Amino acid sequence: MADTFKLFVDGVEVDVPKSYTLLQACEAAGAEIPRFCYHERLSIAGNCRMCLVDWVGAPKPIASCAQTVGDMRPNPDGTPPRVETKSPRAIKARNGVMEFLLINHPLDCPICDQGGECDLQDQAMGYGRAGSRYSENKRAVDDKYMGPLVKTVMTRCIQCTRCVRFISEVAGVEEIGLANRGEDAEITTYLEKSLTSELSGNVIDLCPVGALTSKPYAFNARPWELRKTESIDVMDAMGAAIRVDARGPAVMRILPRVNEEINEEWISDKTRFVWDGLARQRLDKPYVRENGALRAVSWGEALAAAADMLKAPAGQIGAIAGDLADAESMMATMDLLGSLGVVSLDCRQDGTRLGLDADGTRLPRESWLFNSTIMGIDEADAILLIGADPRKEAAVLNARIRKAWLRGSVPIGVIGERADLTFEYDYLGAGPDSLNLLKPGNAMFESLQNAKRPMIIVGQGALAREDGLSILSAASGLAASVGAFKPAEGWNGFNVLHTAAARVGGLDLGFLPGKGGRDVAGIMAGAASGEIKTVLLLGADEIDVSKLGSAKVIYIGSHGDAGAHRADVILPAAAYTEKSGTYVNTEGRVQRTARATPPKGEAREDWAILRALSAVLGKSLPYDTLAQLRAKLLENHPTFRGTDFAPHTNAESHAPPYGSVGSVQATPFRSPVGVFHLTNPIARASRTMAECAELAAGAVAVAAE
Amino acid sequence: MSHRRFHHPDPNATFVFTKETESQIAWWEKKYPLERRNSAVIPALWVVQKQNGGWLSEAALRAVGDRLGMAYIRVYEIATFYTMFNLEPVGKYHFQVCGTTPCMLRGADKLKSFCERKIGPKGQVSRSGTFSWVEVECLGACVNAPMIQINDYYYEDISIETLEQLIEDFAAGKEPKPGTYAKRQTSAPEGPATSLTDPALFDGSRAEPLKTIPGAPQPAAPEETKA
């Protein structure tokens, strides 16, 4: 066949696409190739030379990462080329490379944070020689300042340039470079400025040695003493796959896991470094407010106080679910308040107009999902962002849009704030007026219409406003008129980008005002005017609690943030690393977090608190264990039945437009995420995030040397 | 060579191209397609270095980055990679003394110590601001070793005496001629020719007259009758 190439690797015949590199071909044949500079998701540099293999007949060993299979020639007799990865020559070549790499590498593994998970350490064991023959002075390199997240020990650097390539290619900000040359070569940021990318923490994972390590984690733990729990991130609505590393009761660090469908292998800095917030500002005891001050009480007392407040008439009770609430606790809240006859429930604390139509009927699920899926961005050939700033709202997703843009032929349009998104785009306008201009004849309209895989991404900046429903209708109407809904091809080009991990779960559950119920704004207004007597906050901190008037506030949550400061009863709950909770990401993908550490102090899992509260109220919820609750959840809400996959678009999917047409205001779209690093109570409790936010705001003068 | 770092970077400093510099950068820039105009960065840095008195200040580097739409770190990588870009101030006459093996064997060490005595420590501008000197790796004029590059020109076959004379001349505001300071033509052997000296080699007397012109078309062979 013309587009595949046949070769022998260690005697194993493989037939691989001509575009493969020799390294990939060797891996396809089952051979193990050591490498430092090569990385699947970055461009090829070919400068570490560790991947040398022996191409029989070639005068020198070949760097397999930089050799395209299609460029190889067959043997003179016409037989496919033979490559040896374990021949004496290949072994000797790697041995030599390894020796050179180690010549200038310090022998400080005992005090190096990379120790135990270091590529250089592992490969020196596997491919290096037993001792050093080098007796001269080793070189030393000054450490560089790279900001509050990345710690540098530059003497350990082996100049693989993965960090340079990641920052300029994936993160899209050219901030790291290789200065000087030869023996003096060193990795640095320009004049040691702090990194500004939201994805900068990924260079720590990419660094094959201990040159770039995590500053907050420095000298805290060794990898082998950490308990590793695979979980899901809740810092944004992407639900990135993470691994939570804990020792004893403390989370020591958070690392990404590979999930091609969501985060590939990157996570944002907020996801990675928020963990110190899990140990600060925690609510570890129940509290009751007496004479204006909070007093620590027993669970029994606190629950009795909360139950008292819930004995108000159902019409005078409201409940708001926060951005980090899991589906289980939201369902328990719904069941409990439902049994009391409460209808003023809302999970949309930012005031987004999703879920309910103007007349109060439920909208189809497609109207609040990222229907094209995150992986769909890779296929997209025209993208329109409406009121979304993905760099702040979902940093990893932004990198994916950038990846699509890098293909070169994907037109991207933006309506909303003119932000630096790390890719170029056509700026179409600031507000709804510009949305109305997208009609036949408009260039962006045409490219969406002509695209095979058009994507319209609507952010909360466009939906969390009074006319959000009209904008939902207009944007989905646009999706319909450009033909973005293609059920036969499994493609729905209408996408909603959420900012909160809990939002889609809440909308799916129907944690929404019932008939005659109040929404968030209604509850707030009612509380201010005295019509609402009791407000239950399920981790809701993003509302203006000062406007709750004289209403009694029950706060169920993990952190002492805005909600807890206003609360009259605090019921301490578990954070996302401390419970197994179900979250639905912006695509509608149902995922579960896992418990990495126990809840702090007397805190309990949210659903268990609600179960206990229901018993005190004499309205016991019909489940005693999490498993029973889940069974109920799956029974009542079929969308939760499968985990870890995004819903497919097919003939049964609801076609746009969604929602009824209404009038729009002229106010420009504004992203709800003001400060990237401080969007939720956990992040606001984190010192690292505070430092990052301060730096981002430019308040701190950048330290040079 | 040691690490090359900026001389007192000042984030508030600005650098303004002269008309001449700007027109030269524009000339270089025009050689490349618009999306590849970064390619003009090396000549642009060179032109700016000339304007700035032989070295690149941090502000000058930023100006080049802004001019060509490049991230500063990318310009910085280039400026630190090439030793032709000086990141610290140099004298009006910047001596680059070659110290690589052929020059070293022909006495570069003496030149270096002479420079140190006469001009000052390596890499520092003399008190008068007229001179500075550095040691560089091979400049590719080994046949005329030892040699020194002074600003844009090579001064070759340098001895202590000629170096002293050069320094005096430059200090006096003269412009000594570049090239070799030995008695020879460019890099030809010193003294009279030692081989191929027979004049008969060059007067044509040893050439044999040609009978046929090599490679000339042969007369066509007579056509054979078909059997």
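Per chain, numbering begins at 1; letters A, B, ... match sequence-line order. Note that the coordinates shown come from a computational prediction; the quantities given were computed from them, not determined experimentally. Just so you know, these numbers use all the heavy atoms, side chains as well, and skip hydrogens, waters and symmetry mates.
Annotation: A:F100, atom CZ; neighbour count of heavy atoms from other residues, nucleotides and ligands within 6.0 Å does not exceed 12. Counting heavy-atom neighbours within 6.0 Å of B:R106 CZ, excluding the residue itself, gives a total of 12 or less. The number of heavy-atom neighbours closer than 6.0 Å to NZ of B:K92, taken from other residues, nucleotides and ligands shown, is 12 or below. Under a cut-off of 6.0 angstrom, the local environment of CZ in A:R407 is crowded, with over 12 non-hydrogen atoms contributed by other residues, nucleotides or ligands. Few gaps surround CG on B:D152; more than 12 heavy atoms of other groups in view lie less than 6.0 Å from it. Around atom NZ of B:K177, more than 12 heavy atoms belonging to other residues, nucleotides or ligands sit under 6.0 Å away. Atom CD of A:E40 has more than 12 heavy atoms from other residues, nucleotides or ligands within 6.0 Å. By the 6.0 Å contact criterion, CD on A:E424 is open, its count of non-hydrogen atoms from other residues, nucleotides or ligands being 12 or less.
By a heavy-atom distance cut of under 4.5 Å, B:E58, B:L61, B:R62 are the residues of residues 49-66 of chain B near chain A, going up by number. Contact residues of residues 168-179 of chain A toward chain B are A:S168, A:E174, A:E175, A:I176, A:G177, A:L178, A:A179 (heavy-atom distance under 4.5 Å). Scanning residues 68-75 of chain B against chain A with a 4.5 Å non-hydrogen threshold yields B:A71, B:Y72, B:I73, B:R74, sorted by number.
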CA sep, side-chain torsions, deciding dist, call: A:R181, B:T83, side chain to side chain contact (heavy atoms under 4.5 Å, CB included):
CA-CA 10 Å; A:R181 62 165 160 180; B:T83 50; 3.9 Å; yes
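Distance CZ/B:F81 to CG/A:N180: 10.0 Å, rounded to 0.5 Å.
Sorted by first then second residue, the ring-ring contact (aromatic ring centres under 6.0 Å, His included) pairs that include residues 155-186 of chain A, not counting sequence neighbours, are A:F166-A:W266.
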